Structure formats: structure tokens, C-alpha cells
Amino acid sequence: MAYLAHHSAGLDHGDLLAGSALQGLGDLDVHLGDDPRAVAVPAALDSGHLALHHGVRAPAQGDDVLGQHGGAARGTRQSDQERPECAVELAHVRLSVRQRAARPPLFPTVVGLLELTPPARGRPNERSALSTAPDRSGNCPRPMATPRVRFAPSPTGYLHIGGARTALFNWLYARRRGGTFILRMEDTDRERSTPESVRAIIDGLRWLGIDWDEGPEVGGARGPYFQTERLPLYREWADKLIAMGRAYRCYCTREEIDARRAIFEREKRTYRYEGTCRELLAPPPGKAGHVVRFKMPPGEGTVTFADKVLGRISKQYSDLDDWVMLRGDGIPLYNYGCVIDDHLMQITLVGRGQEHVNSTFPQLMLYRALEWEPPELAHFPLILGPDREKLSKRLHPEADVMLHKRSGILPEALINFVARLGWSHGDDEVIPRERLIEWFDFEHVGATSGVWSPDKLLWLNQQYLKMLPPRAIAERLVPFLAEVGVSAAADDRLEKIVLAFRERAKTLKEMAEKVRYFFTAGVELDIAAAAKHLSSAAKPLLAQVLERLRGAEWSPQALEQVIKAVSEQAGVGMGKVAQPVRVALTGNVTSPPIGDTLELVGRDEALRRIEAALGRIG
RNA sequence: GUCCCCGUCGUCUAGAGGCCCAGGACGCUGGCCUUUCAAGCCGGCAACACGGGUUCGAAUCCCGUCGGGGACGCCA
């Protein structure tokens, strides 16, 4: 297992150290400790890969050895390359170096990351790592076949924002690398899982344009994709684990456990299952039902993993206990089903929310017990509500993806927004899907939780409203028009309306509401607007306009000329004429330029509305 | 309480020892444009949680404090 994280604080045993400014220096010596855990880079490089030669010599006078260890290995610069490159692995030394080309060579300091890896079992000579950038955990990407990633929601409600983003990150990763994206339903919570939720999640993903290569409704070679349809598998592996002595049947009743937990709680101590049934060979008399528990290995120990986002994380065995894998009825618990399925489905990378970091420790123990190689892991930062609590269905209605659909948010905008929550690409903000696929990486996923605040979503939505073809917007607007009682088709006129309103509305819903008066017979006048602009002073001007309008060519330019002509003739500013007309046409003081507004209202209706306004002034 | 993670403008973020008395975006705000409202353009306000260390040099590395979040289920 290879670790090391640039940001990681806990580099125990100093198993890696820093490199250098990588400027202006040639060869480099790498000193290994006899531990051998410590490594030093006394010199810096211009750029390029390093190759390590394991020729060991004792540190010589003048060697800049970091750490307290002796021994050395010699490294030589190999080739120039633009990007920070990954480790070259020779023998069991792994070295990764970062470089920044633009910086002037000032003081040679240590920079890169060096890492020693114990001889990796089953993964010799990862030469392909040469061409790829190291991730934040210091690992070189595995030279693997196409990645397989999954989104594994539990169908206990609608698709929520956090889940959508998890799905998105995984999907982007798969799409970028030509990998496989799998949807798996973790429906083992019998009380809360519903078919409606399955439907809702599927609909939500589809609306967002996140498609899956294997899973419900599409099938696949590694199915079934509902956990409740995989029960025999869980039983089978549980039995094997029991046979291996790495799991056992536990006959403690729920009541017994609850009682003990309560006692610990009262004493403010952390309860861990005390292993009552660990060594039982047969069911105790009078007890039948049993669960299967994982048997933690005895003794001291630490589980560690290199997270692609968080770096290295570890936990002591003593903080773990013999957790339940399988219920009496054969239904797996999350930590168990998840591992079995990820392995059987040949998942190569698990990307999920940070709420799961603690559950990866028992899962890793299970991989070890099963003698399976765990997938790569990436834990994404949480999305918090305005109250800074984790965004949840109960507390935050805005967590519902489909709520945003109903609010007139475009899926393009939501995808963009949610991707930028926790991930970034320099200063870029408007990043369409294709770019997202091209640019997404775990390297730029942040570690800090973000707060859901919709202002920028609204802004982004308008950006997409303006970017997408007006015809397409018109089509999407139709259902929102229906909502406000307007039945309209996505025709040329509606397209023109969209063109006029896409910079005046943030959402489809808002647009539909604003645009309503183009489809009604007559308008509802705003009291204040009418009082101000439909005054007796405006009457002759309106009359003039009406007169000239009757014979006018019905195009925005010509119509605007009419207003202009009237205002010039009367010797008043254009606003004096345009505003009364605007109020007459729309009932309000705001609208697109008056020529466009007239055109879009339509000749007959426009004339009628102006007449009506005139009549109102009396 | 125990364990895990995190800490840059109000919010999303750039930042991987010198390009940073910290850049972009949203929001807020002043102005320009203008027949209204928008959009657009130009400008402004606004942050490295705190304290020690390492270093010639720290937002960046280390330690501590404080703060926030997450997990502690026969939920996922």
C-alpha cells in the first residue's frame, strides 16, 4: 500500500519528506534511512522525472540528509516534462516530485514528496505511472484497466443535492476516462426503501443527464443491481468468513445489546460490543436467531488508507469493534453489503461523501479479512445547509433536486453549480458539461464543507438561459407557461419572447410569470403605474401614438420610430411617451424596449390595449 | 463523551515556501450606457481563526488552542 499525503500531518516514521524547488540543479541524491523510512532530496531539479537507483551508500559529508537515518540511494534526473509528474518506481522506492516552472530559482529548498513503499504484492513495476500526475494522497494512479465507479443511493426518498453531486463526481470521473458508471440500489432498509424512491432517484438522475452503464433499467453483467436481489451472495461470503474464523455468529438479542449500550451511555463511556459470542461454537441454549459479526483481529493495530481527497487517514483497532455484517434474516448491513458488492462488481474507485470516512475503516478490515484488494477511495466534502448542518431532506427542502426543476432551474445550471461546490478549475465559473468531463479531477476537489447558498445558482441559471438556443428554452418554457394558465406552443413568437426575456429572468418559472401578459386579452394595470403614467398629460401623446400605430409597419425598429417621432414632435423626452405606452401594453413600468414590446404584444391587441388605456383616462 | 475530518472575503473558491500588504465569481454597493427594467461595461467594500515554532522568507510546513462539521445502529 502506498501512501503519503502532501497535506497530511501524520507522517509517522517520517516515511516521506520534502523535495525541493526543483530549479537549477542537476542530479539528485536520495537518501534512504535504514528504517528505511526517511528519504531526503538534498538537491533540486529543473524539471522532469526522477529515477531512483537503489545503489546504497552511506551518507557522505555534505549530504543534506533530512531525517535521522543513514543509507542512501542515488537518483538522476531523466526527462523534462511539463506537468508535475509522478513517481518512478524502482525497487521499493517511490518518489514523487512537484515542480513549478515559472518560479525563479531562489533558494534551493526541499519540495517534492518522497515515499517508500514496501514491496507491493501483486503489483510489480508500475511503469505506467510515469506519465500521470500523482494525486494528493501521494499515490500514483494504478495502471489499471478502465475504471469502474458507482453511485449507490438508498432509495428512501427523493434524490437530494448531496447524492446528486456524489453521482456527478463519479460520473464525470468515469466519463472522462472512458470508464463504467454503475447505479446500485442499496435497498436493504426494508422499512424505508420504496419503489417510489427508486423511481424518484432514477428520474432525478435522468433529468440531470447522468446516465449509467450498468444498473436498474439497463442491466449489466455484474448484476443484480438491487441489494435485496443479492441476498444469497451475502450469505455465501458470510459463511466463508465464519469458516475462516474471521466472523462469527452472535446470539445476543437486540434487547441485551440495547441495555448494555444504555448503561455505557449513562456512564458517558463509548460502547463497543464486548465480544460475548466471539468464541461460541454452538448456539447457547434457548437462543436461536443470530446475526453475523465481523471478528476484529486481536492485538494492537492501525488501519490506514490514502484518500484521494483527504490524504492519509488512519484509525486504531481499539476504536473499532465487532460490528454486525448480516442480520438474522440475511439482510446485510451497509458496511458489509457495500464491500461485497463493490468487490463483486469490480469497482475500482469508491467516491462518496465525507460522512462515510468512519465507515471505511471497518470496511477496510473486511477487505483484509476477505483477502481482497480494496478500491481507491475518495471522500467528497459535505454540503451544508444555511444553518451549517449537513444538507438533509428533513431540515432543508432545497435539498430536493426536483424542487429546483419545479423552480425553473435548468439541469445544465444545477450540474454546473453543484460541480463547483467542492471542486474548482482555476477561476472558471461557467463550465458546461463537456468541459466538466474534460476538466474534472480529484486533485481539485477540496476538503472543506461548503454551504448551500443559491444566489450563484440563480446567476448561473441565467447564464445558461442566455447561452442555450432560444428555441430549446422556448420548449422548456411551455410547461411553466401552462402553470400560469397560458397554453402556448414553442413557435417563432415564443422564441422571440424568450430572446427578449432571457436577460430579464433568472428562472423559467420567473420568465413564464413575466411573460404572461403577451397571452392574455387585455392587461391588469398596476395601480401605481397607471396613476403615474396614464395621466391626463399623457393622453394626447397616447392618442398620437395610437393614431400613427394604425398605419405603421409592425417591426420593432419601425415601432420604436413611431414612439420617437411622437416624442420629438411633442418636444418631450422619449420616456414621456414610451412609459405610458408601456403601462398601457403591459400594465407595468418595466418591459423590453418599447419597439419589441409592441411587436410581441401584436398589432390588434396592442391597439386595443392603448384604446383601453385612453378610455381609462377618460 | 469517544473517534475522524476540516478552518482564505457574507457565500463558492484560486493558492502545493518567494509570483500574494492574497486573485476570481456570486451577493452587496458607486458609476457608465439608457425610453423603463434587465443585460453589459468600469470601480468599491470585504478574508488567510488564534498562538507558538521551522525558514533569509509562511495563507502555504510542524505543534498547540479555539472553532465548525461528521461518525459513533440488527440506518445508509
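Keep in mind that this is a model prediction, so the values were computed, not measured.
Scanning atom types as modelled, one donor and one acceptor separated by under 3.5 angstrom connect the side chain of E429(A) and the base of G24(B). Between the base of U35(B) and the side chain of R582(A) there is a donor-acceptor pair shorter than 3.5 Å.
Comparing the same atom, P, in U13(B) and in C20(B) gives a spacing of 23 Å after rounding to whole Å. Using atom C1' as the reference point in both C41(B) and C33(B), the two lie 8 Å apart (nearest Å). Nucleotides A59(B) and U55(B) are separated by 16 Å at their C1' atoms, to the nearest Å. Distance noted for atom P between C45(B) and A25(B): 14 Å (whole Å). Nucleotides A46(B) and C37(B) have their P atoms positioned 29 Å apart, rounded to a whole Å. Atom name P, nucleotides G53(B) and U60(B): the rounded distance is 14 Å, in whole Å. When the P atom is used for both U35(B) and A47(B), the distance is 39 Å, rounded to whole Å. With C1' as the reference atom, G15(B) and A71(B) are 30 Å apart, rounded to whole Å.
Pairing for G51(B) is with C63(B), a Watson-Crick or G-U wobble pair whose two hydrogen-bonding atom distances lie under 3.5 Å. Pairing for A58(B) is absent, judged as Watson-Crick or G-U wobble with the two contacts each under 3.5 Å. The base-pairing partner of C28(B), taking Watson-Crick or G-U wobble contacts with both distances under 3.5 Å, is G44(B). With a 3.5 Å ceiling on both atom-pair distances, C37(B) lacks any Watson-Crick or G-U wobble partner. Using Watson-Crick or G-U wobble geometry with both donor-acceptor distances under 3.5 Å, U2(B) finds its partner in A71(B).
Closest contact between the side chain of K390(A) and the listed nucleotides A71(B), G15(B), A76(B) involves A71(B). The side chain of R388(A) approaches G10(B) more closely than any other nucleotide in the set U35(B), G10(B), G15(B). The side chain of S453(A) has U11(B) as its nearest neighbour among U11(B), C3(B), U35(B). With distances taken from any side-chain atom of R420(A) to the nucleotides G70(B), C12(B), U11(B), the minimum falls on C12(B). Of all nucleotides listed (U2(B), G70(B), U35(B)), G70(B) comes nearest to the side chain of E389(A). Closest to the L310(A) side chain, of the nucleotides G69(B), U11(B), C5(B), is C5(B). Side-chain proximity of D189(A) to A76(B), C74(B), A71(B): nearest is A76(B). Taking the side chain of N358(A) as heavy atoms from C-beta on, and the options C3(B), A76(B), C12(B), the nearest nucleotide is C3(B). Comparing A14(B), C12(B), U2(B) by their closest approach to the side chain of S424(A) singles out A14(B). Which of C12(B), U2(B), C4(B) sits closest to the side chain of T270(A) comes down to U2(B).
Nearest-nucleotide mapping onto RNA chain B: of P381(A) and V589(A), the residue sitting toward the 5' end is P381(A). Two residues, P592(A) and W423(A), neighbour RNA chain B, and the one matched to the more 5' nucleotide by heavy-atom proximity is W423(A).
Backbone-only engagement by V324(A) is indicated by non-hydrogen atom pairs under 4.0 Å involving sugar-phosphate atoms exclusively. Using a 4.0 Å heavy-atom cutoff across all strands shown, H356(A) reaches at least one base atom of the nucleic acid. When heavy atoms are screened at a 4.0 angstrom cut-off, E560(A) is found touching base atoms of the nucleic acid. Backbone-only contact: G422(A) has heavy atoms under 4.0 Å from sugar-phosphate atoms and none from a base. Within the nucleic acid shown, T188(A) comes within 4.0 Å of sugar-phosphate atoms alone, with no base atom in reach, counting heavy atoms only.
One interatomic measurement links the two molecules: CG of N461(A) to P of C26(B), which rounds to 15 Å at whole-angstrom precision. Rounded to an integer number of Å, the gap from Q363(A) CD to A71(B) C1' is 13 Å. Rounded to an integer number of Å, the gap from L333(A) CG to G73(B) P is 11 Å. Atom CD of Q463(A) is separated from atom P of C26(B) by 8 Å (rounded to the nearest Å). Taking atom CD on Q354(A) and atom P on G70(B), their separation rounds to 11 Å, with Å as the unit. If you measure from atom CG of N416(A) to atom P of C12(B), you get 16 Å, rounded to the nearest angstrom. Across the protein-nucleic acid pair, W452(A) atom CH2 and G10(B) atom P stand 21 Å apart, rounded to whole Å. One can place CZ of R502(A) at 21 Å from P of C37(B), the figure rounded to the nearest angstrom.
Using a 4.0 Å cut-off between charged nitrogen and carboxylate oxygen, R272(A) and D319(A) count as a salt-bridge pair. The pair E265(A)-R261(A) does not count as a salt bridge, with every side-chain nitrogen at least 4.0 angstrom from each carboxylate oxygen.
Side-chain contact, R230(A) with Q227(A): no donor N or O sits under 3.5 Å from an acceptor N or O. Under 3.5 Å, the side chains of T228(A) and D187(A) contain a donor-acceptor pair of N or O atoms. T276(A) and R260(A) are linked by a side-chain donor-acceptor pair at a separation below 3.5 angstrom, with hydrogens and angles left out of the test.
Applying the 4.0 Å criterion to OP1 and OP2 of G69(B), one finds that S449(A) has every side-chain N and O outside that range. Residue K466(A) places at least one side-chain N or O closer than 4.0 Å to OP1 or OP2 of G40(B). Put simply, R504(A) has no side-chain N or O that comes within less than 4.0 Å of OP1 or OP2 on A39(B). OP1 or OP2 of G70(B) has not a single side-chain nitrogen or oxygen of R352(A) nearer than 4.0 Å. When the side-chain nitrogen and oxygen atoms of K576(A) are compared with OP1 and OP2 of U36(B), none of them lie within a distance under 4.0 Å. Side-chain nitrogen and oxygen atoms of R261(A) include at least one within less than 4.0 Å of the OP1 or OP2 phosphate oxygen of C74(B). At the phosphate of C4(B), neither OP1 nor OP2 sits under 4.0 Å from any side-chain N or O atom of S314(A).
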- Might you work through the ring-ring contact (aromatic ring centres under 6.0 Å, His included) test for W452(A) and H404(A), ending with a clear yes or no? CA-CA 13 Å; W452(A) 176 269; H404(A) 295 95; 5.4 Å; yes

- Task: Just do the ring-ring contact (aromatic ring centres under 6.0 Å, His included) check on Y271(A) and Y273(A) with the steps written out, would you?
- Result: CA-CA 7 Å; Y271(A) 176 73; Y273(A) 179 67; 7.3 Å; no

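Taking every heavy atom of both residues into account, T304(A) and S314(A) meet most closely at OG1-CB, 3.1 Å.
Taking the ring centre of F264(A) as origin, the terminal cationic atom of R269(A) falls inside the region bounded by 6.0 Å and 45° from the ring axis.
Surrounding CD of E191(A) are at most 12 heavy atoms belonging to other residues, nucleotides or ligands under 6.0 Å away. Other residues, nucleotides and ligands contribute only 12 or fewer heavy atoms inside 6.0 Å of the NZ atom of K532(A).
Side chains of E389(A) and R394(A) form no contact here, defined as non-hydrogen atoms less than 4.5 Å apart.
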Using a cutoff of under 3.5 Å, can you pull out all pairs of nitrogen or oxygen atoms linking the protein to nucleotides 27-29 of chain B, with atom names and distances?
none

